[in-house]
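One structure is given below, encoded as structure tokens.
In what follows, residues are counted from 1 in the order of the sequence shown. Keep in mind it's a predicted model, so treat the numbers as computed, not measured. Order of appearance sets the numbers: ligands from 1, and atoms from 1 within every ligand.
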Amino acid sequence: MKISSVVVKAPSSTANLGPGFDVFGLAIDAFYDEIKICRKNDSGVKMINVNKVLINKRNTATITIRCMKKEFGINDGVSIYLKKGVPIGFGMGSSAASAAAAAIGFNKLFKLNLDSNSLIKFAGLGEKASSGTIHYDNVAASILGGFVIVKNNPLNVFTVTPPQNLRLCLAIPEIKIADQKTKLARNVMPSKIKLKDSIYNLSNATQMVYGFMNNNIKTIGESMNDRIIEESRKKLIPGFLKVKTSAIKAGAFGASISGAGPTIIAVADKSSELKKICYAMKKSFNEENVKCNTIICKPSKGALK
Ligand code: HSE
């Protein structure tokens with residue numbers, strides 16, 4: 001029997017976590033996008049923006065579904081009701097959440113029985129439209145939940161259940177977000193890197209995996225060191241170093257740019273002084289004349305769960 005509609009909720013996510021550029025992702029329960037996909041009589045794909053958040057005409061959900069329709073030769077049309085919950089352009093996997101929900105929803109509606117790597121691939125095609133290049137860290141986290149490690153060529157994603165007591169403090173600065181922000185943030189990155197910086201990042205990245213696999217929050221936080229991406233992107237976030245340092249001084253185990261920014265994410269334990277960490281980050285942004293909202297959150301399950 002044909003299914004007439006499906007509803008999928010996909011979480012926000014943070015990518016990179018310092019040294020794992022385009023490889024590490026973590027689903028976080030700060031925000032969710034919700035999508036309802038319904039069959040309709042014609043063959044088109046129609047987007048209905050439920051809560052009227054300003055979204056790009058070429059949004060990731062529509063692109064993901066168009067790609068899937070084409071790949072599987074599906075002529076039936078769909079209406080996509082998008083309830084946007086993840087703030088757009090702040091480095092919390094907003095475009096990925098819509099793409100992830102769309103891929104899972106379309107898969108269910110048309111009983112395609114795709115495996116998770118295929119869903120991630122299709123959601124990644126949607127992501128490409130927003131950042132210019134394919135990266136799977138956010139979509140993989142949003143689909144699978146928890147901590148994800150993305151291996152490319154061929155794509156394969158590994159997941160690790162994060163420590164139960166892991167908490168994240170997000171400092172979301174109120175700054176003007178450029179059009180195609182992720183593309184811009186990717187354009188400032190170096191085309192060549194020093195071997196010693198690559199070794200530094202690699203050792204921190206492997207240590208982070210060790211931290212996740214051994215439920216060691218301190219090790220996870222202390223691995224948030226990156227000499228490649230942070231160095232080139234920090235100029236895009238007023239007061240970045242100050243905010244990062246103040247989070248650590250207030251008790252966080254580590255902090256870095258969340259994805260392509262400008263949100264800054266700090267890693268802490270349930271028993272850390274989480275409000276104090278948030279306050280310190282907010283104060284540092286304020287000292288740069290930047291208003292900022294803070295959120296305490298924890299890892300999320302993925303949209304597939
Ligand atoms: N890994 C990507 C980047 C995530 O940092 O550009 C973007 O959300």
| task | Using only heavy-atom distances, determine whether the side chains of Ser13 and Asn138 contain a donor-acceptor pair under 3.5 Å. | result | yes

| message | To check your reading of the model: name the closest protein heavy atom to atom 7 (C) of ligand 1, its residue, and the distance in Å. | response | His135 CE1, 3.4 Å

| request: May I ask you to check whether Asn16 and Asp226 show a side-chain donor-acceptor distance below 3.5 Å? | output: no

| task | Specify side chain, backbone, both or neither for Asp22, according to which of its non-hydrogen atoms lie closer than 4.0 Å to ligand 1. | result | both

| query | Considering only the protein, which heavy-atom contact is closest to atom 8 (O) of ligand 1, and what is its distance? | reply | Asn138 OD1, 2.9 Å

| message | Using a 3.5 Å cut-off on N or O atoms only, is Glu127 in polar contact with ligand 1? | response | no

| note | The atoms of ligand 1 lying under 4.0 Å from a heavy atom of Arg233, numbered in the order shown, are 3 (C), 5 (O), 6 (O)

| said: Run the side chain to side chain donor-acceptor pair (under 3.5 Å) test against Ser94 and tell me which residues pass, sequence neighbours left out. | reply: Lys84

| query | Relative to each other, are the rings of Phe147 and Phe212 parallel, tilted or perpendicular (30° and 60° limits)? | reply | parallel

| request: Please verify whether a non-hydrogen atom of Lys183 lies at under 4.0 Å from ligand 1. | output: no

| task | Look only at the side chain of Lys69 and the backbone of Ile74, and say whether a donor-acceptor pair between them is shorter than 3.5 Å. | result | yes

| task | Return yes or no for this condition: an N or O of Asn16 is under 3.5 Å from an N or O of ligand 1. | result | yes

| side chain to side chain donor-acceptor pair (under 3.5 Å) partners of Ser118, counting only residues at least two apart | Asp115

| Can you tell me the protein heavy atom closest to atom 3 (C) of ligand 1 and the distance? | Arg186 NH1, 3.3 Å

| field | Between Thr14 and Ser258: side-chain donor-acceptor atoms closer than 3.5 Å | value | yes

| Which atoms from ligand 1 have a heavy atom of Gly259 less than 4.0 Å away? | 5 (O)

